[in-house]
Amino acid sequence: MTAPTLDAPTRALYRIPEAMALLSLSRSVIYEQIRAGRLRTVRQGRTRLVPAAAVTAYVDLLEQEAQEGGTR
């Protein structure tokens, strides 16, 4: 018997509710970050999608801001 793998398939795009779950943020905060240009999105028809790379970039931005804030 083999152990189940824990690796979830990597997706290229996430819908807003999925991005909310990934980032542990509310809908209003997600849209606030989008409006501020801190979280990049793309449109497919009427659907707004968050690229996986944008999620990673947003987390990197938060880490960078935390480091800068901690050195002051």
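FYI, the numbering just counts along the sequence from 1. Source: prediction; values computed, not measured.
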*For the atom pair CG (L25) and CD1 (I30), what is the distance rounded to the nearest 0.5 Å?*
4.5 Å
*Do V29 and V55 share a hydrophobic cluster (ILVMFWY, side-chain heavy atoms under 4.5 Å, transitive)?*
yes
*Set of salt bridge (Lys or Arg N to Asp or Glu O under 4.0 Å) partners for R38, sequence neighbours left out*: E65
*Rounded to the nearest 0.5 Å, how far apart are CD1 of I16 and OG1 of T47?*
10.0 Å
*asked:* With rounding to the nearest 0.5 angstrom, report the CG to CG distance, L62 to L23.
replied: 8.0 Å
*In terms of hydrophobic clusters joined by side-chain contacts under 4.5 Å, are M20 and Y58 together?*
yes
*Reported CG-to-OH distance for the pair L49 and Y14, which is rounded to 0.5 angstrom*: 12.0 Å
_Could you report the tightest heavy-atom contact between P51 and T41, atom names first, then the distance?_
CD-CA, 4.0 Å
*Closest approach of V50 and A19, non-hydrogen atoms and distance?*
CG2-CB, 3.9 Å
*What residues form a salt bridge (Lys or Arg N to Asp or Glu O under 4.0 Å) with E18, not counting sequence neighbours?*
R11
*Enumerate the residue pairs fulfilling salt bridge (Lys or Arg N to Asp or Glu O under 4.0 Å) with a member in residues 39-57, sequence neighbours excluded, ordered by first and then second residue.*
none
*If you measure only the distance, is there a donor-acceptor pair under 3.5 Å linking the side chains of E68 and Q64?*
yes
